[in-house]
Amino acid sequence: MGFLHGKRALITGIASQRSIAWGIANAMHREGAQLAFTYPNERMKDRVDEAANAFGSNIVLPCDVADDAQIENLFVELGKHWDGLDILVHSIGFAPREAIQGQYLDNLTRENFTIAHDISSYSLAALSKAARPMMAGRNGSILTLTYLGAERALSNYNVMGLAKASLEANVRYLAFNLGPETTRVNAISAGPIKTLAAAGIANFRKMLDHVEENAPLRRSVTIDEVGNVGAFLCSDLASGITGEVTYVDAGYNTIG
Ligand code: 0WD
């Protein structure tokens, strides 16, 4: 029996089979969790249907996190399928493409700053708040994805680094707020992985090469490696861990 047997997990952020959320869904499914999925717009629906099929789920619900009504409606609809929720996976990030190339100040505008923070950080708190009634008192777990650019000024990551710093603070405040009702909140700081979101970052290949040459393991990580840690963090095996950022980056963050 898998270590997530009997758990119900809502997975956001699947855009393709390369998505980190796909790796997380795969590991959670293998460990016995029941899964439900969200898609942000009609264009992405087929991809997410494909994921649901692959993981034996028939719960696929719309949710663009830029829209309060869709966030609210998501949990109304989910409540028609499930009477409680154990796991919420937030694997969502976005910044306007011009903001994640060149130098930080080159394309920094109030609008780019706001969008990056809204979609990449506020959405974690908004989803957690809306999920709260379904998650309280069940030893539930919320998981998000962050990146080293939250702590270090990295080329091209720019305003996304600020949004990820906000996201990591969000993890700590949510963990502090939701701990008394037994819900844990954690982040994985993943090393660079070639996904659709990563393709938007200028010189992504160069970042990947640098990690592969310099990380202690002399390679990058896979979505399955991130998925395994995600499944662990959302399981009762990790019942003492909350408010943390766990690195799955082949050790890259530990070198100077
Ligand atoms: O190297 C990487 N790929 C890393 C990614 C390293 C460390 C962290 N991360 C983070 C990302 O910043 C993001 O938070 O992991 C998370 C997942 O990213 P991913 O798996 O790399 O990227 P992708 O497969 O593109 O999934 C991100 C998805 C979106 O995909 P697109 O390509 O359509 O932007 O986030 C979702 C969407 O499915 N998304 C939204 N979902 C709901 N509402 C929205 C939205 N408004 N915007 C984007």
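Keep in mind that the numbers below use all heavy atoms, side chains included, and drop hydrogens, waters and symmetry copies. Both counts, for ligands and for their atoms, begin at 1 and track the order of listing. When a residue number appears, it is its place in the shown sequence, counting from 1.
Proximity of His90 to ligand 1 is not established, as no heavy-atom distance is less than 4.0 Å. Ligand 1 is never approached by Ser16 to a heavy-atom distance shorter than 4.0 Å. Using a 4.0 Å cutoff on heavy atoms, Ser120 does not count as a contact of ligand 1.
Any N or O atom pair closer than 3.5 Å counts here, and Ile20 shares at least one such pair with ligand 1. Annotation: Met44 places no N or O atom under 3.5 Å from an N or O atom of ligand 1; distance criterion only. Between Thr195 and ligand 1, at least one pair of N/O atoms sits closer than 3.5 Å. Between Ser19 and ligand 1, at least one pair of N/O atoms sits closer than 3.5 Å. Polar contact with ligand 1: absent for Arg43 (N/O pair, distance under 3.5 Å).
A donor-acceptor contact closer than 3.5 angstrom links the side chains of Asn228 and Arg30.
Closest to atom 14 (O) of ligand 1, if we only count protein heavy atoms, is Lys164 NZ, 2.9 Å. For atom 18 (O) of ligand 1, the closest non-hydrogen atom on the protein side is Ala197 CB, 4.2 Å. What sits closest to atom 16 (C) of ligand 1 on the protein, heavy atoms only, is Ser91 OG, 3.6 Å. Closest protein heavy atom to atom 7 (C) of ligand 1: Thr146 O, 3.1 Å. At the top of the distance list for atom 40 (C) of ligand 1, counting protein heavy atoms only, stands Ile92 CG2, 3.6 Å. Protein heavy atom nearest atom 31 (P) of ligand 1, with residue, atom name and distance: Ala15 CB, 4.2 Å.
Ion pairing between a basic and an acidic side chain is recognised when a charged N comes within 4.0 Å of a carboxylate O; Glu225 and Arg219 show such pairing. Glu50 has no carboxylate O lying under 4.0 Å from a charged side-chain N of Lys45, or vice versa, which leaves the two without a salt bridge. A salt bridge between Arg138 and Asp86 is present, with a side-chain N of the basic residue lying under 4.0 Å from a carboxylate O of the acidic one. We find that Asp83 and Arg8 are joined by a salt bridge, their nearest charged nitrogen and carboxylate oxygen being less than 4.0 Å apart.
Of all the atoms in ligand 1, the ones that sit under 4.0 Å from a non-hydrogen atom of Gly191 are 1 (O), 6 (C). Taking every heavy atom of Asp64 and a limit of under 4.0 angstrom, the matching atoms of ligand 1 come to 43 (N), 45 (C), 46 (N). Atoms of ligand 1 lying under 4.0 Å from at least one heavy atom of Pro192, given by number and element, are 1 (O). Of all atoms in ligand 1, numbered sequentially from 1 with element shown, those under 4.0 Å from a heavy atom of Leu196 are 25 (O), 32 (O).
With a 4.0 Å heavy-atom cut-off, ligand 1 is reached by the side chain of Ile119 but not by its N, CA, C or O. Looking at Lys194 against ligand 1, nothing comes within 4.0 Å, counting heavy atoms.
Nearest-heavy-atom check against atom 1 (O) of ligand 1 across Ile24, Leu208, Ile201, Ile193 picks out Ile193. The heavy atom nearest to atom 42 (C) of ligand 1, out of those in Ala199, Ala190, Ser121, Cys63, is found in Cys63. Among Leu124, Thr144, Leu145, the residue whose heavy atom lies closest to atom 10 (C) of ligand 1 is Leu145.
Put simply, the side chain of Asn112 never gets that close to the backbone of Pro96: no donor and acceptor are under 3.5 Å apart. A distance-only check finds a donor-acceptor pair linking the side chain of Asn156 to the backbone of Ala202 [under 3.5 Å]. Listed for the Glu244 side chain is no donor-acceptor partner under 3.5 Å among the backbone atoms of Asn186.
For the residue pair Ile11 and Met28, the shortest heavy atom distance occurs at CD1-SD, 4.0 Å. The two residues Leu143 and Cys234 have their closest heavy-atom pair at CB-SG, 3.7 Å.
You'll find the ring centres of Trp22 and Phe55 inside the 6.0 Å limit.
Partner Gln70 forms a side chain to side chain donor-acceptor pair (under 3.5 Å) with one of Asp67, Asp68, Asn73 and no other, that one being Asp67.
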Check the pair Asn177, Tyr173 against side chain to side chain contact (heavy atoms under 4.5 Å, CB included), reporting the backbone distance first and the verdict last.
CA-CA 6 Å; Asn177 195 158; Tyr173 277 89; over 6 Å; no
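Within a 4.0 Å radius of atom 34 (O) of ligand 1, the protein contributes no non-hydrogen atoms.
Counting only heavy atoms from C-beta outward, the side chains of Leu74 and Glu77 never approach each other to under 4.5 Å.
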